[in-house]
Amino acid sequence: MNALHELKEKFRPIISTYVESDAGQIDVMLGMIRPAGDPKHGDFQANFAMPLGKRAGKPPRDVAQTIVDQADLSAICQNVEIAGPGFINLKLDDDWIKQNLKAALADEKLAVASVAAPRNYIVDYSSPNVAKPMHVGHIRSTVIGDALTRVLNFVGHQAKSDNHLGDWGTQFGMILYGYKHFRDQATFDADPIAELSRLYRLVRKLIDYHGSKAKLPELKSALAELETQLADLKKQQSGTEEKAALKKIKKEVSQVGKRVTDAKEKLEKATTSISSVEGGELAPVAAEHPDIGTAVLLETSKLHAGDTENRDLWTEFLPVCKQDMQTIYDRLSVAFDMELGESFYNDMLGTIVDELEAKGYARQSDGAMCVFLDDFETPMIVRKKDGAFLYSTTDLATIKYRMENFDADACLYVVDHRQHEHFEKLFAVAKMWGYDEAELKHVSFGTVMGKDGKPFQTRSGDTVGLAGLLNEAEKRAGEIAKELNEGISADQLAENARVVGIGSLKYADLSQNRSSDYTFDYEKMLALKGNTAAYLQYGYARVQGILRKVEVDPVPLRSQPVDFEFATDVERALAVQLLRFEEALSDVLIDYKPNLLCNYLFDLGQTFFKFYDQCSLKDTESETLKSSRVQLCDLTARTIKTGLSLLNIGVLDKM
Ligand code: ARG
């Protein structure tokens, strides 16, 4: 049940006569019906009479009145009022609310209706590059993708998750090279995961070292040039008085200033990478492997070309790497419908490039096969000069495969915002190629930042590993659980720490607008107050506590409820908020934003705690009022539990 949706449908036919059935305009107008900011004005407010009045050349109040007279709102609203210049204030009918609460109470799915037009979705998320340790960035893709898949399925779509593993790229060249030159056989036999990630890090470090050394002169001269430019500009600035000219110079100073900072950072990174090797025990190793960068690429292309030794090693390494990731997925309780990594598409790539060429979409340029696109400066390369295929080629194969095998209506790619251009190009090529009906959407997200305002890193400048993050969140949640209840058993403590720790970590991420960067902060994410998982889990546990205390079993009331009573405003407010669950889910899916579900749950939590403060369940005037309140509590807890489960976050009966 979605009150907002029902109100919109009541107004739709009438609005359509004002905007000549222009579907776009109708939706814009209907979008002006919103939850009221102030409960004094009712539950919803419609503001479309102002623009419609302007269009029709009539006073908006008159337009509002005519529309209200025509709309048949009596079943839903008990009060419709026109205020100010033409706002329409809508107050839901109490009987209507009560009837819908009963329906929600009786239904597993809380009376959330299935969508009218279910679609087949593929949600591509997590998708780490295998062989590299997973880091903090992967948590974003994983939890956002997981939540979206759950919400889609809950409202009746068919969503399948696909972990598009990077199991075929350069990082395998790195561990192949590392294994061949630097492996410690004993460690590998005892703990292959640890040894492979050591090898990955070692090779990465050596490549960075040589790369930095080669780039150093260029970086230095670029910085020097920018610094001279900046000094000149500053001189000019001090000699300029005319306002417009001064403004222009100031702008340039700030722009060049930024570039100087960037250049300094790059140089600093390079010098750090160099000094971390030079003078240390790695120095002779680096000297022995001067061409490691090229050699790694060679290992990768040998793997792709079917070289037996490399293929065999790949076959041996892949399960080891996957097992490592699996421990993280298990801890996050994340499972995928499919794990079709890049390697799965390898055999299809040649055919795809041939097809693109035959259809005239791709052509040779400087020896490479490229697709040129109108709106982009650079083409999409689908086969390199040396014959190698690219990330883009695999992604094209993936689209074809998903369309042909799953009849996908939509593919969501939950990937870091830095891949924006890749996806823009990919979708443009897919469209040209004939896959123009499906919705292809880059569900992009920002960076996880540290409290220092820089991308979240360890003290040594490495990206933060996911396993360590989960451990720390659990540890801290455990400490809080111990403080909250002294006599807690060890098992209970471990369970609490897991549910609250991991849940809070996920929620901290999900509650942010995905497009923004967010700051990673253990204290904030685990706080019992504020928009956190712990706050909602606490609300859930409170309800369980109350129900234990009043000794009323809510279960029989679900199918045989008493009539709801609203003895106070806050009971009615809680009821209205409970009925907005479906609206929140449908909001999530407009632009694939799980934070809108978090916002809803947080509002629900706040309304519930107000109710909890003001409404006793023990000393009620009547037994029916008591039962009515028990029903509100039960529905609140179930809505929190269901809402959190759609974010793949658990609840506890006691906290
Ligand atoms: N493996 C890629 C990376 O870590 C992400 C893959 C995203 N999915 C895709 N179909 N391109 O950057």
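Indexing begins at 1, ligand by ligand and atom by atom, following the structure's order.
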Just let me know how Thr398 lines up against ligand 1, side chain, backbone, both or neither, with a heavy-atom cut-off below 4.0 Å.
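For Thr398, no heavy atom sits under 4.0 Å from ligand 1.
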Backbone or side chain, does any N or O of [X] fall under 3.5 Å from an N or O of ligand 1?
{"X": "Asp124", "answer": "yes"}
{"X": "Ser127", "answer": "yes"}
{"X": "His138", "answer": "no"}

How about Lys213 and Glu278: do any of their side-chain heavy atoms sit closer than 4.5 Å?
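Yes, side chains in contact.
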Atoms in ligand 1 with a heavy atom of [X] nearer than 4.0 Å:
{"X": "His164", "answer": "8 (N), 9 (C), 10 (N)"}
{"X": "Asn129", "answer": "1 (N), 2 (C), 3 (C), 4 (O)"}
{"X": "Tyr413", "answer": "10 (N)"}
{"X": "Phe423", "answer": "11 (N)"}

Exceeds 12 heavy-atom contacts within 6.0 angstrom, atom NZ of Lys302
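More than 12 heavy atoms, drawn from other residues, nucleotides or ligands, come within 6.0 Å of this atom.
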Under 3.5 Å side-chain donor-acceptor pair for Asn310 and Glu299:
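Per modelled atom types, Asn310 and Glu299 side chains form a pair under 3.5 Å.
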Using a 6.0 Å distance limit plus a 45 degree cone around the ring axis, check whether Lys109 lies over the aromatic ring of Phe154.
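Judged by the rule (NZ or CZ under 6.0 Å from the ring centre, within 45° of its axis), Lys109 counts as positioned above Phe154.
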Arg514 to Tyr592, cation-pi by 6.0 Å centre distance and 45° axis angle:
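Cation-pi check for Arg514 and Tyr592: fails.
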I'd like to know if Asp416 pairs up with Arg418 as an ion pair, taking the criterion as any Lys NZ or Arg NE/NH1/NH2 lying under 4.0 Å from an Asp or Glu carboxylate oxygen.
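A salt bridge links Asp416 with Arg418.
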Among all protein heavy atoms, pick out the one at the shortest distance from atom 6 (C) of ligand 1; state its residue, atom name and that distance to 0.1 Å.
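Scanning the protein heavy atoms, the shortest distance from atom 6 (C) of ligand 1 goes to Tyr391 OH, 3.2 Å.
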What is the closest protein heavy atom to atom 12 (O) of ligand 1, and at what distance does it sit?
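Sorting protein heavy atoms by distance from atom 12 (O) of ligand 1 puts Gln419 NE2, 2.8 Å first.
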My understanding is that only residues two or more places apart in sequence, or in another chain, count here; which of them pass side-chain contact (heavy atoms from CB on, under 4.5 Å) with Glu474?
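Expected list: Arg331, Arg498, Ile502.
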